[in-house]
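Structure first, commentary second.
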2 protein chains.
Amino acid sequence: MILSKACEHGIRASLYIAQQSELEERASLKDIAHEIDAPEAFSAKILQELVRHGIINSIQGPKGGFSMSKKSIRELKLIQIIHAIDGDAFEKKCVLGLKKCSETSPCPVHDQFKHIKKDYLNMLQKTNIQKMLTSLNDGISCLKL
Amino acid sequence: MILSKACEHGIRASLYIAQQSELEERASLKDIAHEIDAPEAFSAKILQELVRHGIINSIQGPKGGFSMSKKSIRELKLIQIIHAIDGDAFEKKCVLGLKKCSETSPCPVHDQFKHIKKDYLNMLQKTNIQKMLTSLNDGISCLKL
DNA sequence: TTTATATCGGATTAAAATATCCGATTAACT
DNA sequence: AGTTAATCGGATATTTTAATCCGATATAAA
């Protein structure tokens, strides 16, 4: 279930940036950190990582900031943000920490977990930014508190 | 998905102890650490915690060691071991790290996650030690590698 | 009663995750 | 061109988690 703090911040930041991009506005680091209630310097690090992975775009200098393309807002999936920040540990890692847990050499809870894991991964693979934005834009959900 | 390393070791240790207890044998720290491939000193700390929570029993001195009652083997659920070591973060924590994420004030992925979380919790609440032991005893699953 | 063999428990250390700092770079505006 | 406002990127600091160390305690057996 549990993602790293960096990943939590990264997803929230992506959503705020997407929201601003829909309004044709760039989001500055300062605004982002404030709107998602995350430390500014740490957010900066995470945003850089997202830029490197092509999740978001950045422009330096005055009037600069971060943005997300309409295409990404439509097509980018939650799992891609997680991969950019936490890598593929989510899919790869055995629940009990075995190095070679697999269908042919399973851990004692492999069978129980595999269904949960499949549904979870499936959800992450089909949940896109746009979907997450709807509840945000409707004021039903929020990014801080 | 992801449990702390302490919790991974703790579950594996509990299973080995249960397995030995079915054979009317006490498990020593040394054996446990070796059989679950975890550091001895760290395992000791985790086992103490499990004893304090009544998950396992311990006896000091020569011929001492750890054991699990038949009743616990039958009735103890996976979630109880997780609670003993990691607390209730699993149930309580919001995926995006919001402090007050709930049905009435959700995060943008609350609705997607709640089904997964429910199934996951449900599984942890009904998976008992005995269930996990069956695949182990049949040689289908293992506790290390 | 002494000795050997266990776990207990508190203090310390090591490693990883989280977070900060600051100079370099980039680009808009005067 | 110079100034200012922004991100970039590498080094450092802090906090949490993981792991170790060692003396105290308990108990079985000689």
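All values below were derived from every heavy atom in this structure, side-chain atoms included, with hydrogens, water molecules and symmetry-related copies excluded. Within every chain, numbering begins at 1; the chains are lettered A, B, ... in the order of the sequence lines, protein sequences first and strands thereafter.
- Donor-acceptor pairing under 3.5 Å, judged by distance alone, is absent between the side chain of A:Gln60 and the base of C:dT26.
- Distance, A:Glu40 CD to C:dT20 C1': 11 Å, rounded to whole Å.
- A donor-acceptor pair under 3.5 Å is absent between the side-chain atoms of A:Ser72 and the main chain of A:Met68, judged by distance alone.
- Atom CD1 of B:Ile32 and atom P of C:dA6 are 12 Å apart (whole Å).
- In this structure, the nucleotide among C:dT18, D:dC8, C:dG9 sitting nearest to the side chain of B:Gln48 is C:dG9.
- In this structure, B:Glu25 atom CD and C:dA6 atom P are separated by 13 Å, rounded to whole Å.
- The residue among B:Val51 and B:Pro62 whose nearest nucleotide of DNA chain C lies closer to the 5′ end is B:Pro62.
- Side-chain contact between B:Arg26 and B:Ile59 is present, with heavy atoms from C-beta onward closer than 4.5 Å.
- No contact: A:Leu47 has no heavy atom under 4.0 Å from any strand.
- In this structure, B:Arg26 atom CZ and C:dT5 atom C1' are separated by 13 Å, rounded to whole Å.
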**Item:** Derivation of the salt bridge (Lys or Arg N to Asp or Glu O under 4.0 Å) call for A:Lys30 and A:Glu35
**Value:** CA-CA 9 Å; A:Lys30 210 174 156 186; A:Glu35 290 301 324; over 6 Å; no
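- Nearest-nucleotide assignment on DNA chain D puts the 5′-proximal partner with A:Gly61, out of A:Arg52 and A:Gly61.
- Atom CD1 of A:Ile59 and atom P of D:dT4 are 23 Å apart (whole Å).
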**Request:** Report the C-alpha distance between A:Lys114 and A:Glu103 in whole Å, list the side-chain angles of each, state the deciding distance to 0.1 Å, and finish with yes or no for salt bridge (Lys or Arg N to Asp or Glu O under 4.0 Å).
**Result:** CA-CA 9 Å; A:Lys114 70 180 177 189; A:Glu103 205 57 32; 2.7 Å; yes
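- Put simply, CG on A:Leu29 is 13 Å from C1' on C:dT20, counting in whole angstrom units.
- Between B:Ser58 and C:dA6 there is no side-chain polar atom (N or O) within less than 4.0 angstrom of OP1 or OP2.
- To the nearest angstrom, P of C:dA19 lies 16 Å from CD of A:Glu49.
- Each of C:dA28, D:dA28, D:dT20 was ranked by its minimum atom distance to the side chain of A:Lys63; first place goes to C:dA28.
- A heavy atom closer than 4.0 Å to some atom of DNA chain D occurs in B:Ser4, B:Lys5, B:His9, these being the qualifying members of residues 3-16 of chain B.
- Between the NZ atom of A:Lys45 and the C1' atom of D:dC8 there is a distance of 8 Å, given to the nearest Å.
- In this structure, the ring of A:Tyr120 has its center no less than 6.0 angstrom from the ring center of B:Tyr120.
- Closest to the side chain of B:Pro39, out of C:dA28, D:dG9, D:dA19, is D:dA19.
- Just one residue in the list A:Ile55, A:Ile17, A:Ile11, A:Asn57 forms a side chain to side chain contact (heavy atoms under 4.5 Å, CB included) with A:Leu50, and that residue is A:Ile55.
- In this structure the side chain of A:Ile81 reaches within 4.5 angstrom of the side chain of A:Ile129, judged on heavy atoms.
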